[in-house]
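Atoms considered below: every heavy atom in the structure, side chains included; atoms not considered: hydrogens, waters and symmetry mates. Bear in mind that the values here come from a model prediction, so they are computed numbers and not experimental data.
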Amino acid sequence: MLNVKNKPVNHPLSEYIQRLENGEALLKDTPENVLEVVGILKSYGVVLDAYSQNLIYIAEHQFLVIFPFFKYFNGKVSFSKLLHHWWHDRINFEYAEYCMKTMMWHGGGGLDAYLDTKEFQELAKAVITAKLKNDPLMQGLNQLFPDFLIEQLRVSAYYTGLGQFWRVMADMFLSLSDRYDQGEIKSIPQVVDHIKTALVADAVKPITYAVKIRDKVYDIIPKSAGLTFLADTAIPYVEAIFFRGTPFMGVVSYNAQAYQIPPDQSRFEYGALYADPLPIGGAGIPPTLLMQDMRHYLPEYLHNIYRRSLRGEDDLRVKICMSFQKSMFCVTTAAILGLLPYSLDTQDLDEKKANRVYLQKWLDRLKNSQILIVNK
């Protein structure tokens, strides 16, 4: 009988297909890569913790506020914090909103579908009525533009959806760092296995959303909607942020006649897996905000490696981006293997073929990514 596992693959990234079939990762397993990936995910976990808390705070306490001047303060406004905010000595929550808007724009998954249902509209109208009870000006606005505030609640739903997703991811990355410090994590496949196990463990974690108005709690995304962590936030996030993304101003032309931006969103390749790290630090490059946030929380062992490099800290954000990109290939590996149709150790020929077709489709999308660069 033909052994599918040993059959040569006619694919430019056949090496990586075979790596995945062997239970390996898209990123080469070296001690340096392990150190970089774990170190950068430790920093990312700290930042995601802050992002998550703020997104959930905005969803629960700043909903239907047309001008939320203090949304980044998490309800703790003081003159000192205001000065730090103006001086930009703070976490760049704008990047979290950029990811939320990108995820909402690309859509996909159960959350996107639920927000177009009659059930959501009815629940949203009940919240709007309660919220505007003593606000005649906003009541008039709602009568003139009845879909405007419903759309604001759709945005709020994405705030909480992404916030709840990042809550799980932050805990996952911080626990990975703890296991590394304890000597439990020593290879890239172990990093991937840690992430995959955590994703599977929280796969059916409910995504819900309720707000409190005066003394009454109103559901916007009830548990009965059936939205879950993996299918309705994790997969759409990977699609929107890792793969599609958005074109950055100043990097490509927005002129329609230049044909530099595909007319079809599904053909976008501006996500984290495709990005060139060199523009990081330039104006109009949203990930610069994330790299700036992560630089404050780098583990000393990783920061020392950056300091000893050729340019020292002069291109620190670029180095952080390169390490971050490596880590995202590990997360992508975990997602791919976690969604595999059949077990990797299956002996059924048809199941092996199905797995290979599945992996080829993923690798087709990675042809133009930075996969070869990060593995040099």
Enquirer: Could you verify whether a donor N or O on one side chain and an acceptor N or O on the other, from Asp135 and Gln139, lie under 3.5 Å apart?
Expert: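 Checked: Asp135/Gln139 side chains show no N/O donor-acceptor pair below 3.5 Å.
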Enquirer: Is it true that the side chains of Tyr16 and Glu21 contain a donor and an acceptor less than 3.5 Å apart?
Expert: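 Distance-only check fails for Tyr16 and Glu21.
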Enquirer: Check whether Asn22 reaches the backbone of Glu24 with its side chain - one donor and one acceptor, N or O, closer than 3.5 Å.
Expert: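 A pair under 3.5 Å: no.
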Enquirer: Can you label the angle between the Tyr51 ring and the Trp166 ring as parallel, tilted or perpendicular, going by 30° and 60°?
Expert: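 Judged by the thresholds at 30° and 60°, the geometry between Tyr51 and Trp166 is tilted.
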Enquirer: Identify the two heavy atoms, one from Ala157 and one from Leu111, that lie closest to each other, and give their separation to 0.1 Å.
Expert: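 That closest heavy-atom pairing would be O-CD2, 4.3 Å.
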Enquirer: Examine the side chains of Arg317 and Gln292 and answer whether a donor and an acceptor come within less than 3.5 Å of each other.
Expert: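 Yes - a donor-acceptor pair under 3.5 Å links their side chains.
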Enquirer: Quick check: do Met172 and Ile195 have side-chain heavy atoms less than 4.5 Å from each other?
Expert: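 The answer is yes, as the side chains (C-beta and beyond) meet within the 4.5 Å cut-off.
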Enquirer: Evaluate side chain to side chain contact (heavy atoms under 4.5 Å, CB included) for Tyr270 paired with Val251, printing each intermediate quantity in order.
Expert: CA-CA 11 Å; Tyr270 302 105; Val251 177; over 6 Å; no
Enquirer: Among side-chain atoms of Asp345 and Ser343, is any donor-acceptor pair under 3.5 angstrom?
Expert: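 Yes, side-chain donor-acceptor contact under 3.5 Å.
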Enquirer: Under a 3.5 Å cutoff, is there a donor and acceptor pairing between the side chains of His194 and Ser175?
Expert: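 A pair is found: one side chain offers a donor N or O, the other an acceptor, under 3.5 Å apart.
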Enquirer: For the residue pair Ser253 and Tyr259, confirm or rule out a side-chain donor-acceptor distance under 3.5 Å.
Expert: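 Side chains of Ser253 and Tyr259: no pair found under 3.5 Å.
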Enquirer: Starting from the C-alpha separation in whole Å, work towards a yes-or-no answer on side chain to side chain contact (heavy atoms under 4.5 Å, CB included) for Met328 and Phe242.
Expert: CA-CA 8 Å; Met328 292 302 100; Phe242 284 21; 3.3 Å; yes
Enquirer: Would a 4.5 Å heavy-atom cut-off, applied to side chains only, mark Leu35 and Pro31 as touching?
Expert: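 Sidechains of Pro31 and Leu35: no contact.
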Enquirer: Rounded to the nearest 0.5 Å, what separates atom CG in Leu340 from atom NZ in Lys196?
Expert: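 Leu340 CG to Lys196 NZ: 8.5 Å, rounded to 0.5 Å.
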Enquirer: Any chance NZ of Lys367 has more than 12 other-residue heavy atoms, nucleotides or ligands included, within less than 6.0 Å?
Expert: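 For Lys367, atom NZ is crowded (more than 12 foreign heavy atoms under 6.0 Å).
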Enquirer: Looking at His85, Glu97, Lys81, which hits side-chain hydrogen bond (donor to acceptor under 3.5 Å, both in side chains) with Tyr72?
Expert: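 Result: among His85, Glu97, Lys81, Glu97 is the only option passing the side-chain hydrogen bond (donor to acceptor under 3.5 Å, both in side chains) with Tyr72.
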Enquirer: Please list, chain by chain and in numerical order, all residues satisfying ring-ring contact (aromatic ring centres under 6.0 Å, His included) with Tyr342, sequence neighbours excluded.
Expert: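 For Tyr342, no residue satisfies ring-ring contact (aromatic ring centres under 6.0 Å, His included) once neighbours in sequence are set aside.
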Enquirer: Between OH of Tyr114 and CG of Asp232, what distance do you get to the nearest 0.5 Å?
Expert: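 Rounded to the nearest 0.5 Å, the OH-CG separation comes out at 12.0 Å.
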Enquirer: Any chance CZ of Phe79 has more than 12 other-residue heavy atoms, nucleotides or ligands included, within less than 6.0 Å?
Expert: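 Atom CZ in Phe79 is not packed in, count stays at 12 or less.
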Enquirer: Above 12 or not: heavy atoms from other molecules or residues under 6.0 Å from CG of Asp215?
Expert: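 Not more than 12 within 6.0 Å, no.
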Enquirer: If every non-hydrogen atom of Gln325 is compared with every non-hydrogen atom of Pro277, which pair is closest and at what distance?
Expert: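 In this case the closest contact between Gln325 and Pro277 is OE1-CG, 3.8 Å.
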Enquirer: Salt bridge (charged side-chain N to carboxylate O under 4.0 Å, His left out) for Asp348 and Lys352? Distances and angles first, verdict last.
Expert: CA-CA 6 Å; Asp348 184 279; Lys352 285 185 177 183; over 6 Å; no
Enquirer: Looking only at non-hydrogen atoms, find the nearest pair between Pro236 and Met103 and report the distance.
Expert: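 That closest heavy-atom pairing would be CB-CE, 4.2 Å.
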Enquirer: Carefully, step by step, assess Gln164 and Thr160 under the rule side-chain hydrogen bond (donor to acceptor under 3.5 Å, both in side chains).
Expert: CA-CA 6 Å; Gln164 291 176 61; Thr160 191; 2.9 Å; yes
Enquirer: Would you say the side chain of Asp364 lies within less than 4.5 Å of the side chain of His11, judging by non-hydrogen atoms?
Expert: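 When only atoms from C-beta onward are counted, Asp364 and His11 do touch, with a gap below 4.5 Å.
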Enquirer: Within the structure provided, determine whether Leu153 and Ile220 are in side-chain contact (heavy-atom separation under 4.5 Å).
Expert: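 A side-chain contact exists here, since the closest heavy-atom pair is under 4.5 Å.
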Enquirer: Checking Arg365 side chain against Gln360 main chain: does a donor-acceptor pair fall under 3.5 Å?
Expert: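 No.
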Enquirer: Walk me through it: do Leu278 and Asp315 pass the test side chain to side chain contact (heavy atoms under 4.5 Å, CB included)?
Expert: CA-CA 9 Å; Leu278 288 180; Asp315 61 344; over 6 Å; no
Enquirer: How close do Leu337 and Leu20 get, counting heavy atoms only, and between which atoms?
Expert: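 Looking at all heavy atoms of both residues, the closest pair is CD2-O, 3.9 Å.
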Enquirer: As a test of understanding, state which of Phe243, Phe248, Tyr274, Trp105 forms a ring pair (Phe, Tyr, Trp, His ring centres under 6.0 Å) with Phe268.
Expert: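 Testing each of Phe243, Phe248, Tyr274, Trp105 against Phe268, the sole residue satisfying ring pair (Phe, Tyr, Trp, His ring centres under 6.0 Å) is Trp105.
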Enquirer: Just checking, Lys42 and Tyr297: is the charged tip under 6.0 Å from the six-membered ring centre and within 45° of the axis?
Expert: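 That pair does not qualify as a cation-pi contact.
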Enquirer: Applying side-chain hydrogen bond (donor to acceptor under 3.5 Å, both in side chains) to Lys28 and Asn33, what does each step give before you reach the verdict?
Expert: CA-CA 7 Å; Lys28 187 162 53 176; Asn33 279 343; over 6 Å; no
Enquirer: I want to check something: taking the side chain as every heavy atom from C-beta on, are Arg295 and His303 in contact at a cut-off of under 4.5 Å?
Expert: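 No, every pair of side-chain atoms sits at 4.5 Å or beyond.
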Enquirer: Would you compute the distance between atom OH of Tyr44 and atom CG of Asp293 and round it to the nearest 0.5 angstrom?
Expert: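 CG of Asp293 is found 11.0 Å from OH of Tyr44.
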Enquirer: Distance from Ile207 atom CD1 to Tyr209 atom OH, nearest 0.5 Å?
Expert: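 Reported value, rounded in 0.5 Å steps: 13.5 Å.
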Enquirer: Can you confirm whether Leu55 sits close enough to Tyr158 that some side-chain heavy atom of one is under 4.5 Å from a side-chain heavy atom of the other?
Expert: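 With C-beta onward as the side chain, the pair stays apart.
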Enquirer: Starting at CD1 of Ile188, measure out to CZ of Phe329 and round the result to the nearest 0.5 Å.
Expert: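 Those atoms lie 12.5 Å apart.
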Enquirer: side-chain hydrogen bond (donor to acceptor under 3.5 Å, both in side chains), that's the test. Do His84 and Arg90 meet it? Break it down for me.
Expert: CA-CA 7 Å; His84 282 283; Arg90 60 182 176 88; over 6 Å; no
Enquirer: Show your reasoning for whether side chain to side chain contact (heavy atoms under 4.5 Å, CB included) applies to Phe145 and Ile150.
Expert: CA-CA 10 Å; Phe145 308 101; Ile150 291 177; over 6 Å; no
Enquirer: Side-chain contact test, heavy atoms from C-beta onward, threshold under 4.5 Å: evaluate it for Leu290 versus Asn92 and give yes or no.
Expert: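 Not touching, per the 4.5 Å side-chain cut-off.
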Enquirer: Assess whether side-chain hydrogen bond (donor to acceptor under 3.5 Å, both in side chains) is satisfied between Asn304 and Arg307, documenting all intermediate values.
Expert: CA-CA 5 Å; Asn304 281 334; Arg307 290 190 188 105; 2.7 Å; yes
Enquirer: For Gly75, does its backbone N or O pair with a side-chain atom of His61 as donor and acceptor, under 3.5 Å?
Expert: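 Absent.
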Enquirer: For residues Ile371 and Leu273, determine if any side-chain heavy atom of one lies less than 4.5 Å from a side-chain heavy atom of the other.
Expert: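 A side-chain contact under 4.5 Å is absent here.
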Enquirer: If you look at every heavy atom in Tyr95 and Pro286, which pair is closest and at what distance?
Expert: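 Reported closest heavy-atom pair: CD1-O, 3.3 Å.
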Enquirer: Can you see which heavy atom on Ala210 is nearest to which on Val217, and at what distance?
Expert: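 Distance-wise, the nearest heavy atoms are CB-CG1, 3.8 Å.
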Enquirer: Measure the acute angle between the ring planes of Phe67 and Phe69, then classify it against the limits of 30° and 60° as parallel, tilted or perpendicular.
Expert: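 Rings of Phe67 and Phe69: parallel, as their planes differ by under 30°.
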Enquirer: Any donor-acceptor pair under 3.5 Å linking the side chain of Asp219 with the backbone of Ile221?
Expert: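 Checked: no pair found.
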Enquirer: Does the separation of the ring centres of Tyr180 and Tyr301 fall below 6.0 angstrom?
Expert: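 Tyr180 vs Tyr301: aromatic centres under 6.0 Å.
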Enquirer: Are the side chain of Ser52 and the backbone N or O of Leu48 linked by a donor-acceptor pair below 3.5 Å?
Expert: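 A pair under 3.5 Å: no.
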Enquirer: To the closest 0.5 Å, what do you measure between OG1 (Thr228) and CG (Asp202)?
Expert: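 Separation between the atoms: 11.0 Å.
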Enquirer: Ring-plane angle category for Phe165 and Tyr237, please: parallel below 30°, perpendicular beyond 60°, tilted otherwise.
Expert: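 Tilted.
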Enquirer: Any Lys/Arg nitrogen of Glu122 or Lys125 sitting under 4.0 Å from an Asp/Glu carboxylate oxygen of the other?
Expert: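 So Glu122 does not pair with Lys125 through a salt bridge.
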